[in-house]
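Notes follow the structure.
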Amino acid sequence: MKDIQGINLLDLVDKYSAPLYVYDTQIIEDNYNKFINAFNVSKLGINYACKALTNLSILRFFNKLGAGLDCVSIQEIRLGLAAGYRPEDILFTPNNISEEEYADAINCGVGINVDNIEMLEYFGATYPDVPLCIRINPHMMAGGNRNISVGHIGSKFGISIHQLPLLERIVKSFDINVNGIHVHTGSDILDPEIFIKAAKLILGVVDKFETVKFVDFGSGFKVAYKPGGLYTDIEELGAEFSVMFNEYCNEKGRELELKFEPGKYLVSDAGYFLVKVNVVKQTPATTFVGVDSGQNHLIRPMYYNAHHEIVNISNLDGKKKIYSVVGYICETDTFGADRQLSQVSKDDILMFKNAGAYCFAMSSNYNSRYRPAEVLIHEGRDYLIRKRETQEDILKNQLDPISF
Ligand SMILES: *Cc1c(COP(=O)(O)O)cnc(C)c1O
């Protein structure tokens, strides 16, 4: 794989230089269509969880596809509005934010999701006319990594399902218009049965609130990071889930909208990260490949122990050798230990796969380095959608008020 929509990736590096993020709209569109086609319900709403990849062009593209937006900060809301989303197509699902940030979101007119009892009481007293979605924590352990598992008993997210009686009392006493029930259990949904079990618990909550119009089952759909790796079979899940959901609606005589908010599923495999080899360093134990990037640009391997496939696209058919691919940051920023790559030489370009979700989005200026450029490939053409940073960006907010 060296081409995207007929565009050679090495040519892209010549044009924009490395390190470089590249995204493919065709893959995003295919993922989106596969997702919506997996469900067979009368009303389906997909909100793209934009924290995965927040470039404006990506947001605009999802808007064109017909998606709404799931935002977790007021800044994401503003990006979404700037990208052309209508406020009613945005659901705000933050946690532990200030009353001021909620007030700003309400002024923007977006949907509000509340994830704690204290804030619910505050809302009931302060904004009696604002409909609210309520985020429930069903306390089911899901997720492959404790850091990204958000449904378990010790998790900070959502209103505990064990507090349902209290929740009902507060909703009743303030006459809150609960328009939706929301759950986002964790980041790795693999087994449809477990997911459907959690969903049924949530529908038990929906039973309690007649005003509910939509049920949002969040995300956590898993993609394969390795060949043969585990992933959520969305067709199987969608088919089983739709039957369960339709049965519920029929039985209760309610026409509810089914919502999801995938991030990773939609953009992970649509992104590539291209880096250049600075050094091939032989030590007694290991052959290191040192590249012009590090945890400042792609932190998932170090932060989550995530696996990203690495391909030497400068020497696709070369002899295979074992390398450890490491970054240039003054930390142990290992991208991949003991990886089999086609023989690597200085100045080769390595490609990281699955670099669409939580990659650029989690980048930083650590070691005072620049964040990379981003390029979008659309209908066979490449577009620069974010400039590489410069020294000016590093200095931008720094003041130098004291003359020492
Ligand atoms: C992060 C997040 C998502 C998206 O999760 P993915 O694993 O990227 O699909 C959805 N909903 C909420 C509330 C989130 O915080």
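Along the sequence shown, the residues carry numbers beginning at 1. Atoms within each ligand, like the ligands themselves, are counted from 1 in listed order. Please read these numbers as outputs of a predicted model, since none were measured by experiment. Hydrogens, waters and symmetry mates play no part in the numbers below; they use all other heavy atoms, side chains included.
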Phe62 vs Tyr48 aromatic rings, parallel, tilted or perpendicular, using cut-offs 30° and 60°? parallel
Tyr328 six-ring centre to Arg369 NZ/CZ under 6.0 Å and within 45° of normal: yes
Do Asn40 and Ser242 have side-chain N/O donor and acceptor atoms under 3.5 Å apart? no
N/O to N/O below 3.5 Å, does that happen between Lys51 and ligand 1? yes
Ligand 1 versus Glu261: contacting region, heavy-atom distance under 4.0 Å: both
Select one of side chain, backbone, both or neither to describe which atoms of Ala49 lie under 4.0 Å from any atom of ligand 1, heavy atoms only. side chain
Evaluate Tyr358 for polar contact with ligand 1, using N/O atom pairs at a separation under 3.5 Å. yes
Of all the heavy-atom pairs spanning Gln343 and Asn315, show the shortest one and how long it is. O-ND2, 2.8 Å
If the cut-off is 4.0 Å to any non-hydrogen atom of Asp70, which atoms of ligand 1 fall inside it? 11 (N), 12 (C), 13 (C)
Are Gln295 and Tyr366 close enough that a side-chain donor and a side-chain acceptor fall under 3.5 Å? no
Glu374 bridged to Arg386 by N-O distance under 4.0 Å: yes
Only heavy atoms of Thr93, strictly under 4.0 Å: list the atoms of ligand 1 that pass. 13 (C)
Do any N/O atoms on Tyr265 end up under 3.5 angstrom from N/O atoms on ligand 1? no
Hydrogens and angles aside, do Asp207 and Tyr248 bring a side-chain donor and acceptor to less than 3.5 Å of each other? yes
What atoms of ligand 1 come within less than 4.0 Å of a heavy atom belonging to Pro262? 9 (O)
Would Val72 count as being in polar contact with ligand 1, using the rule that some N or O on each side must be under 3.5 angstrom apart? no
Out of all atoms in ligand 1, which are within 4.0 Å of some heavy atom of Lys264? Include the element for each. 6 (P), 8 (O), 9 (O)
Taking only non-hydrogen atoms of Ala357, do any sit less than 4.0 angstrom from ligand 1? no
State whether a side-chain donor-acceptor pair under 3.5 Å links Lys281 with Thr287. no
